[in-house]
There are 2 protein chains.
Amino acid sequence: MLKTASDTDILFRRLHRSTGLSVADLEGLETLPVRIREFGRNETISREGDRVAHCLLVLDGFVMRFQDTRDGKRQILSFYVPGDIPDLQTLHLPTMDHSVASITPARLAMIPHAAIWDLCERNPLLARALWRETLIDASIARTWVRCVGRLSAHARVAHILCELYTRLDAVGLAEEPIPMPITQSEFGDAMGLSVVQVNRTLRDLREAGLITVQKRQMRLHDLARLQQVADFNPLYLHLDPAER
Amino acid sequence: MLKTASDTDILFRRLHRSTGLSVADLEGLETLPVRIREFGRNETISREGDRVAHCLLVLDGFVMRFQDTRDGKRQILSFYVPGDIPDLQTLHLPTMDHSVASITPARLAMIPHAAIWDLCERNPLLARALWRETLIDASIARTWVRCVGRLSAHARVAHILCELYTRLDAVGLAEEPIPMPITQSEFGDAMGLSVVQVNRTLRDLREAGLITVQKRQMRLHDLARLQQVADFNPLYLHLDPAER
DNA sequence: CGCTAGTTTGAAAAAACTCAATTGGCGTGG
DNA sequence: CCACGCCAATTGAGTTTTTTCAAACTAGCG
């Protein structure tokens, strides 16, 4: 198998799961010219205000997007796992309105916009699949607004855990113990909470027998009850094959 | 001028401003078959879980999207003004993951998905313009996450006022006094605050000489300082013609 | 004129934050 | 192999912000 084929394979699997499209439907994907870049932990990958000409496909590791505030706080806008394209929106909005950074050491494929445009022109099914991906990303952002705006600290933390579990499960990465390299401080920056509050909330969830989070791994002991606490409805992830 | 042409005219102007595309580029827009529906104040237009087959174009009035929480709270996810399409994402995600409702009496054009798909197939520039619209919508949602998650009550309220002003200005609706039919309770549900807090915050902003909000109208007396308080950077609205 | 929705204010309670200090795990250099 | 240093997790205590509850007030409308 060609190198590029193996690198875009995770993207194929992702789009296949999300849209039901077959190898034939997604024809051309393996021809995308990708350049691989490796990052260490906590490295900034692109910055608010940058004008970019490529998209990033996560091959390995966890990645996040964030915005800063004037007084030095940080809001994480989303987490990305292998198979995700954290900045697909730059395809049509090339100026970054937020920053992207690695959480863990990460391996990313950089795909030139021009190559994606070309391919989309020749393959409308792919164009549609990518558009759909950006719409799911938007749906997740909206749900975070609800989460941060109206849920209690307990519900917020439970919610992000449910989301990460569900998304990891969808790419086959949710075998227990589930890899969870996100620090409590990062959970706080994502859910609009302080580290202290995240810590106490995790303790409460642990003491309630719902979860174990330690050594960068997590176990969900009672998903149903966790989802209950989180007021979690997976609809917003649009993973259901019935909806296409 | 044909009825449909006049109804989609606001959409044309909107896409023209956003993308720079001309009448010729957006050819076919005026042929979209639209059905006009009128709503009173505070009417639900579509509901979380619904499966829809058309998009809504706001012709007149203010519209919002929202999600409820189990304990009866509500989070508003975005506001829409004339020229906006609040549910463009249903084009590829037909199951509503939130609800849409009118704020004021509103006149909406309902456009069948199939008609939009057809047109997009024949006119790739239009497809691209609509994709871009959904990406801006997503960018706004991300910025709301930051706003609700990390800004103080004062900054949040100032921020939403800056956003609404900027977006209304972009469609020529920001002549002072600026129409502002959104209630304090709705501002609260949008910014993750209680009515009481919104009220006190507006009072503070008024006493600081920044704004006047009354009788469903608002005046911004010192936009620069309001943006300062809001930590507002209009980049996320992607209105700059330089970026395309 | 009375009703209703929306705004305004006061006061007490709750949630979450900040500050500060301690603990634990892990990698690295001696 | 151990000690050191660093980052992350943990805990206590006091403070701040925001919420909740309750009650008035106001403006538009039939």
Side-chain angles (χ1 to χ4, degrees), chain A residues 40-43 62 69 71-76 101-105 147-159 161 177 179-207 211-218 229, chain B residues 40-43 62 64 69 71-76 101-105 147-158 161 177 179-207 211-218 229:
Chain A
R41 313 179 40 250
N42 247 311
E43 279 190 62
F62 277 51
T69 63
D71 56 336
K73 289 177 187 161
R74 177 179 70 164
Q75 176 67 46
I76 293 175
S102 61
I103 291 177
T104 63
C147 199
V148 172
R150 281 293 180 237
L151 300 187
S152 68
H154 283 74
R156 286 187 226 178
V157 171
H159 200 282
L161 295 179
M180 189 41 62
I182 297 168
T183 65
Q184 294 184 0
S185 162
E186 286 159 348
F187 277 129
D189 284 344
M191 292 293 101
L193 297 168
S194 67
V195 205
V196 174
Q197 191 70 359
V198 171
N199 183 279
R200 288 178 175 142
T201 303
L202 284 171
R203 170 175 43 105
D204 292 347
L205 294 175
R206 179 178 358 108
E207 286 174 358
I211 60 164
T212 318
V213 183
Q214 53 176 209
K215 298 185 183 178
R216 307 181 163 271
Q217 296 178 330
M218 98 178 158
V229 169
Chain B
R41 315 179 40 250
N42 248 312
E43 280 191 60
F62 278 50
M64 65 178 177
T69 63
D71 56 337
K73 289 176 187 163
R74 176 179 73 163
Q75 176 67 45
I76 293 176
S102 60
I103 291 178
T104 62
C147 198
V148 172
R150 280 296 180 235
L151 299 188
S152 68
H154 283 75
R156 285 187 226 179
V157 172
L161 295 180
M180 189 42 62
I182 297 169
T183 66
Q184 294 183 1
S185 161
E186 285 159 349
F187 277 128
D189 283 345
M191 292 292 100
L193 297 168
S194 66
V195 206
V196 175
Q197 191 70 356
V198 171
N199 183 280
R200 287 176 177 145
T201 303
L202 284 171
R203 170 176 43 107
D204 293 347
L205 294 176
R206 179 176 1 104
E207 286 174 358
I211 60 164
T212 318
V213 183
Q214 55 175 211
K215 297 187 182 175
R216 305 183 164 268
Q217 296 179 331
M218 100 179 153
V229 169

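Convention: sequence-line order gives letters A, B, ...; per-chain numbering from 1.
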Just call it for A/G192: base, sugar-phosphate, or nothing, with non-hydrogen atoms closer than 4.0 Å on any strand. sugar-phosphate
Using atom CG of A/L205 as one end and atom P of D/dA9 as the other, report the distance to the nearest whole Å. 15 Å
Closest heavy-atom pair and its distance - A/E186, A/I76: O-CD1, 3.4 Å
Just compare D/dT20, C/dC17, D/dA8 and give me whichever is closest to any side-chain atom of A/S194. C/dC17
Which residue, A/H154 or A/V196, contacts DNA chain C at a nucleotide closer to its 5' end, judged by nearest heavy atom? A/H154
Output for pair (B/M191 CE, B/L151 CG), nearest 0.5 Å, gives 9.0 Å
Looking at C/dT7, D/dT19, C/dC26, which one has an atom nearest to any side-chain atom of A/K215? C/dC26
Under 4.0 Å between a side-chain N/O of B/R203 and OP1 or OP2 of C/dT9, yes or no? yes
Could you tell me how far apart A/L193 (CG) and C/dA15 (P) are, to the nearest whole angstrom? 14 Å
Is the shortest side-chain N/O distance from B/Q184 to OP1 or OP2 of C/dT8 below 4.0 Å? yes
To the nearest angstrom, the CE-P distance between A/M191 and C/dA16 comes to 14 Å
Interatomic distance where CD1 belongs to B/I103 and P belongs to C/dA5 [whole Å]: 17 Å
Distance check: side-chain N/O of A/R41 vs OP1/OP2 of D/dA8, anything under 4.0 Å? yes
Should the side chain of A/R200 and the base of D/dG12 be counted as holding a donor-acceptor pair, with the cut-off at 3.5 Å? yes
Ion pair B/R150/A/D71, N-O distance below 4.0 Å: no
Assuming nearest nucleotide by heavy-atom distance, tell me which of A/R150 and A/L202 is located more 5' along DNA chain D. A/L202
Minimal heavy-atom distance between B/N199 and B/Q184, with the atoms involved, is ND2-OE1, 2.9 Å
Distance check needed: D/dT17 P versus B/L151 CG, whole Å only. 15 Å
Just how far, in rounded Å, is P of C/dA5 from CD of B/E186? 13 Å
For B/R206 and C/dT8, give me the distance from atom CZ to atom P, rounded to whole Å. 6 Å
Would you find a donor on one side and an acceptor on the other, under 3.5 Å apart, between the side chain of A/E43 and the backbone of A/A101? no
Nearest-Å distance, NZ (B/K73) to C1' (D/dT18)? 11 Å
Presence of A/N199 side-chain N/O under 4.0 Å of D/dA9 phosphate oxygens OP1/OP2: no
Looking at C/dT7, C/dC19, D/dA9, which one has an atom nearest to any side-chain atom of B/T183? C/dT7
